[in-house]
Amino acid sequence: MRILVVTVVHHPEDARILHREIAALRERGHRVVYAAPFASREVTPRRYVEGVDLPRAAGRDRRTALRAARSLLAERGPQADVVLLHDPELLLALPGTLRRWRRGGRVPVTVWDVHEDTAAALVMKRWLPRPLRPPLRLAVRAAERLAERHLRLLLAEDAYQQRFRRPHPVVTNLTTVPPDRPEPPGDDRVVYLGHLSRARGALELIETARLLAPDIHVEVIGAADPEVRGALTEADRDGVLRWHGYLPNDRALALLSGALAGLSLLHDQPNYRHSRPTKAVEYMAHGVPLVTTPTPLAAGLVERYGCGLVVPYGDPATAAEAVRRLRADPEMRLRAATRGWEAALAHLNWADRATEFVMCLETWVKEATGASNAGSAATVADAAARTG
């Protein structure tokens with residue numbers, strides 16, 4: 001198959017897009033064209049994909065990116081068997097594009113990969129004026145219903161099914177779990193992996209690091225929203241924590257092994273109540289005990305597998321105390337690390353799901369090809385009947 005993967009929002013090295021889905025497609029021998037904001041993120045496309053640079057959509061400045069994406073889809077879409085979209089914004093580029101594809105007689109299977117609850121996420125967009133958020137939530141729900149009628153959907157969480165009328169395949173945010181038992185957790189280093197924002201607990205993370213210093217140091221890996229970037233830069237400069245910035249997923253994961261704990265300090269937000277934090281699974285996969293706020297799916301991992309500790313929302317002191325408990329009890333932290341890795345290997349391993357993801361796209365292409373062939377045969381038969 002020829003697959004055109006498009007994002008104007010996500011980092012080109014996004015773990016779900018590049019390191020899981022595109023990697024799985026390449027392993028099955030499919031050709032991938034990857035359109036993403038490479039230049040604005042100062043990223044060079046990986047050698048195993050054909051990279052196409054697009055402007056980045058950020059804050060209120062999205063029109064330029066959408067115009068470029070619309071032009072790309074009009075030009076390159078008919079050359080693909082599958083167009084895989086990763087941003088809800090790209091739905092705005094589709095109406096005219098779909099009509100153009102139909103006029104040209106070549107319509108690829110078009111798939112929207114639903115990463116999050118977009119309507120719920122709007123309440124966390126500080127660049128979006130509050131009066132606009134309610135009507136935009138309604139517009140997003142309407143767009144989702146329209147997308148369901150015209151596109152194929154992949155969902156990142158089972159709970160997202162509730163937003164749609166028909167069932168859709170779920171491609172959960174898992175990670176590739178190392179098959180060999182990871183090194184035991186140490187006693188002087190805590191990690192955080194993921195995007196950084198107020199709602200994701202960036203300020204609580206800084207305060208937790210301050211409370212743990214100097215005997216336990218905190219390493220932070222991830223890009224940050226503008227509203228917390230200054231605080232993180234200052235904390236790094238003052239030696240409160242070490243902020244690595246954004247690192248490609250393979251390099252970021254290499255920093256996890258041997259850590260005393262992995263932090264997930266999400267706030268109680270609608271978008272997080274039915275989403276499993278990918279970082280939690282990544283900590284488990286690398287034998288790192290999890291310290292998490294009680295978002296339902298993360299706390300559920302701790303309760304089900306005994307892989308860490310749950311702390312209250314917005315409480316850096318208790319988070320720091322949980323880390324110190326793990327440090328003071330080597331048996332507890334080794335037990336949490338071992339149970340987490342075993343559970344991830346058995347139940348949360350992307351390697352077990354990658355083939356299902358690829359087969360889903362392959363099946364849709366076969367169905368579309370079959371329907372197209374059947375339609376062509378019917379047209380020929382009808383024409384023959386009229387001339388006969």
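The basis for the numbers below is simple: all heavy atoms, side chains too, and nothing from hydrogens, waters or symmetry mates.
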Any salt bridge linking [X] with [Y]? Criterion: basic side-chain nitrogen under 4.0 Å from a carboxylate oxygen.
X	Y	result
R28	E362	yes
R210	E207	yes
R327	D188	no
D215	R324	yes
D268	R273	yes
R76	E50	yes
R242	E219	no
E367	R152	yes
E342	R181	yes

Counting C-beta onward and ignoring hydrogens, is there a side-chain heavy-atom pair between [X] and [Y] closer than 4.5 Å?
X	Y	value
L91	L151	yes
D14	T7	no
R41	Y246	no
V365	V82	yes

Heavy-atom count check: over 12 atoms from other residues, nucleotides or ligands less than 6.0 Å from [X] [atom1]?
X	atom1	answer
R335	CZ	yes
R106	CZ	yes
R2	CZ	yes
R70	CZ	yes

Using ring-ring contact (aromatic ring centres under 6.0 Å, His included), reason through H11 and H195 one step at a time and then give a plain yes or no. CA-CA 11 Å; H11 195 286; H195 194 79; over 10 Å; no
For H115 and A156 the tightest heavy-atom approach is O-CB, 3.8 Å
Ring-face cation contact, Y48 with R46, 6.0 Å cut, 45° max | no
Testing L260, T338, L309 one by one against R333 for a side chain to side chain contact (heavy atoms under 4.5 Å, CB included), which residue passes?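 Running side chain to side chain contact (heavy atoms under 4.5 Å, CB included) over L260, T338, L309 with R333 returns exactly one hit, L260.
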- Message: If hydrophobic clusters are built from ILVMFWY residues whose side chains come within less than 4.5 Å, do L361 and L174 share one?
- Response: yes
Q: Step by step, work out the ring-ring contact (aromatic ring centres under 6.0 Å, His included) result for H274 and Y160.
A: CA-CA 8 Å; H274 46 237; Y160 296 170; 5.7 Å; yes
Besides Y313, the hydrophobic cluster formed by Ile, Leu, Val, Met, Phe, Trp and Tyr side chains linked at under 4.5 Å, directly or via other members, contains none
